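The structure under discussion appears below in the form of structure tokens.
Sequence positions, counted from 1, serve as the residue numbers for this chain. Start at 1 and go down the list; that is how both ligands and their atoms are numbered. Everything quoted here is computed from the prediction, not taken from an experiment.
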Amino acid sequence: MKLPLNVNLKDKVTVITGAGGVLCSAFAEALAQCGAKVAVLDINAEAAQKVADRITEKGDTAIAVPVNCLDAESLKAAHAIVAEKLGPCDILINGAGGNNPRGTTDDEQFDAAVEGIKTFFDLDPAGVRFVFDLNVIAALMTTQVFARDMIGRSGNILNISSMNAFRPLTKIPAYSGAKAAVSNFTQWLATYLAKSGIRVNAIAPGFFVTNQNRALLFTEDGKPTARTGKILAATPMNRFGEADELLGAFLFLLDDGAASFITGVVLPVDGGFSAYSGV
Ligand code: NAD
């Protein structure tokens, strides 16, 4: 793949969670192409292995490590494997995350006349909590385990926020609140770790079709949903993004030369979505 930026990450030990998924597998491959030694972490061991295999087949360095980012013991075990096989972590990408139907309403606005659907009043707090845990607590716990390696050296942490962090999207109160917390955590941690030589930033992707949002965007027979129409109308570039279009922002923020004085930013990559008022 031709990368949009040449960033030298030679032998940097890079841990990326959710790396069996659509966006983070593209990140993992790009990191390896920049010379990083990549630990491909995912709860889906098979998906992680496939990504690691794709990287090693090209002659670059990667290992697959199964992990549940919500389980402290699992994270510790993953850390031990990475430390033994690759060394201490230089770069951490907190990519595991996503929405879940348990934190989603069926309606965009409440209408008392409509019955038989899941409204805000029917949301199960446990489902909402799961989405917060997956996006916020997982990033926090993973950072506690891996960023300790960076203390006394230097390091780089990148979180994945979202458009719904700036303004909530209808139907997904849990995911919107969770990603707002991810942006806030990014700023907090950037401040906290700034004197330790560790930069912390986030990218905020606009709309990219992946496993975690496919059901909201397309019907089972592949037709765009009404929501897809609204998203594209609210995106000045009038299309979904492609995963490799995140790579420029992603690699730029990880580049200790080009982004040496940048920490605590949440960089939108969104075809103009966050800039457009809708009018
Ligand atoms: P994806 O579903 O393709 O990938 C998510 C990956 O996370 C999966 O491989 C999954 O197995 C893994 N995962 C889930 N729970 C885990 C856990 N407990 N521990 C470890 N791994 C776990 O989705 P994606 O769109 O590629 O998502 C990547 C990140 O980008 C997520 O944080 C998502 O919220 C964010 N994001 C996506 C979009 C988009 O439009 N797709 C937009 C904004 C932000």
N238-T235 side chain donor-acceptor pair, cut-off 3.5 Å: no
Pair D270-S274, side-chain donor/acceptor within less than 3.5 Å: yes
E108 with K230: basic N within carboxylate O range, under 4.0 Å: yes
E73 with K76: basic N within carboxylate O range, under 4.0 Å: yes
Per-ligand residue contacts, ligand 1, heavy-atom threshold under 4.0 Å: G18, G20, G21, V22, L23, D42, I43, N44, V67, N68, C69, G95, A96, G97, G98, L134, N135, I160, S161, S162, Y175, K179, P205, G206, F207, F208, T210, N211, Q212, N213
Flag, side chain of D255 to backbone of A259, donor-acceptor distance under 3.5 Å: no
Where at least one partner belongs to residues 184-206, residue pairs that pass ring-ring contact (aromatic ring centres under 6.0 Å, His included), sequence neighbours excluded: W188-Y192
